[in-house]
Amino acid sequence: MSRPPAAGTSIKGTSLLGILKAIERAYGEAGLRATLDAAPAEIRDAYRYGQIVSVGWYPTRWYCDVHRAARRAFGEGRSLPWRLSHDAVTRDFRGIFQVVVRLLSPEMALRQAPRLLLLYCKGGTVEAVEARRGYGRLRFEGWPDYDENLWSDLQGGVVALLEVCGAKNVITRVLAGGGDHDHLDVEARWGEGAP
């Protein structure tokens, strides 16, 4: 069952399902069960009864709640959402979305970030402030439902996308926002000189 997006931002079912599959790949069936047990009942029931569909849109808070539940279940910190997203986005863009990125350079992928983001979420805006060889900067504004988990998730996804497009040694750095703010200004560096 696809829930209509509430006021604020929304997340595509493919993202929710992708993160849950990433949890299962990392922690097995018992880990997925532990995450769902730690999640709010509405999410747990929707997943268990097959009501989360790839093409549906769901409240962003569900995605936040899944990350919080996973962190509680495994006693892990902020790096967990990054790792889960990196895994999920890598699989998406090497699988169902590989045609989208096949011809994209890392710089072009960053310039296309506003379009690519619509595959996963909606509500706020994203701007490719700068995109050149070995460097890019993205600005996200108007994402009131995002917390430190989702900003970490987003950075893991950006790194995965750049890597799928051929970037090596990718690092990101928050320039402003993140945490529990509704915005994030983040830069990415890659190539031989990147640490």
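Since the structure is predicted, the reported quantities are computational estimates derived from the model, not experimental observations.
Residues N149 and R78 are not in side-chain contact: their nearest non-hydrogen atoms beyond the backbone lie 4.5 Å or more apart. Here the side chains of L154 and L150 are not in contact, with every heavy-atom distance at 4.5 Å or above. Using a 4.5 Å cut-off on side-chain heavy atoms (C-beta onward), R139 and V126 make no contact. Side-chain contact between L16 and W62: present, with at least one pair of heavy atoms (C-beta onward) separated by less than 4.5 Å. Between I43 and V66, some side-chain heavy-atom pair lies under the 4.5 Å cut-off. The closest side-chain heavy-atom distance from Q112 to E107 is not below 4.5 Å. The side-chain heavy atoms of K122 and K12, taken from C-beta on, include no pair separated by under 4.5 Å.
With respect to the salt-bridge test (charged N to carboxylate O, under 4.0 angstrom), the residues R61 and D145 do not qualify. Salt bridge status for D87 with K21: absent, with no side-chain N to carboxylate O gap under 4.0 Å. Here R71 does not pair with D147 in a salt bridge; the nearest charged N to carboxylate O distance is not below 4.0 Å. Here E42 does not pair with R44 in a salt bridge; the nearest charged N to carboxylate O distance is not below 4.0 Å.
Side-chain N or O atoms of S10 include none that pairs as donor or acceptor with a backbone N or O of P59 at under 3.5 Å. Judged by distance alone, the side chain of T60 and the main-chain N or O of T9 form a donor-acceptor pair under 3.5 Å. Between the side chain of T35 and the main chain of G31, a donor-acceptor pair closer than 3.5 Å is present. The backbone N or O of A38 lies less than 3.5 Å from a partner atom in the side chain of R72, making a donor-acceptor pair. Proximity of a side-chain donor or acceptor of D65 to a complementary backbone N or O of A39 within less than 3.5 Å is not detected. A donor-acceptor pair under 3.5 Å is formed between the side chain of N169 and the backbone N or O of G191.
Of the inter-residue distances, the one linking R137 atom CZ with T172 atom OG1 reads 14.0 Å to the nearest 0.5 angstrom. Note: D45 CG to Y47 OH = 13.5 Å, rounded to the nearest 0.5 Å. Taking CZ of R111 as the reference point, atom CG of L116 lies at 12.5 Å (rounded to 0.5 Å).
In plain terms, the two heavy atoms of C165 and P106 that are nearest each other are O-CD, 3.4 Å. The two atoms that bring W57 and C121 nearest to each other are CZ3-CA, 3.6 Å, heavy atoms only. For the residue pair E187 and Y135, the shortest heavy atom distance occurs at OE1-OH, 2.8 Å.
There is a path of hydrophobic side-chain contacts, each under 4.5 Å, that joins V164 to M108. Both Y27 and Y63 are members of a single hydrophobic cluster when ILVMFWY side chains are connected at heavy-atom separations under 4.5 Å. V129 and V174 fall into different hydrophobic clusters, defined by Ile, Leu, Val, Met, Phe, Trp and Tyr side-chain heavy atoms under 4.5 Å apart, directly or through other members.
Ring geometry for H86 versus W82: interplanar angle under 30°, hence parallel rather than tilted (30 to 60°).
A side-chain donor-acceptor contact under 3.5 Å links D92 and Y120.
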Worked verdict on V89 versus V159 for side-chain contact (heavy atoms from CB on, under 4.5 Å): CA-CA 9 Å; V89 171; V159 170; over 6 Å; no
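For the pair K168 and W190, the NZ or CZ position fails the cation-pi test of under 6.0 Å to the six-membered ring centre and within 45 degrees of the ring normal.
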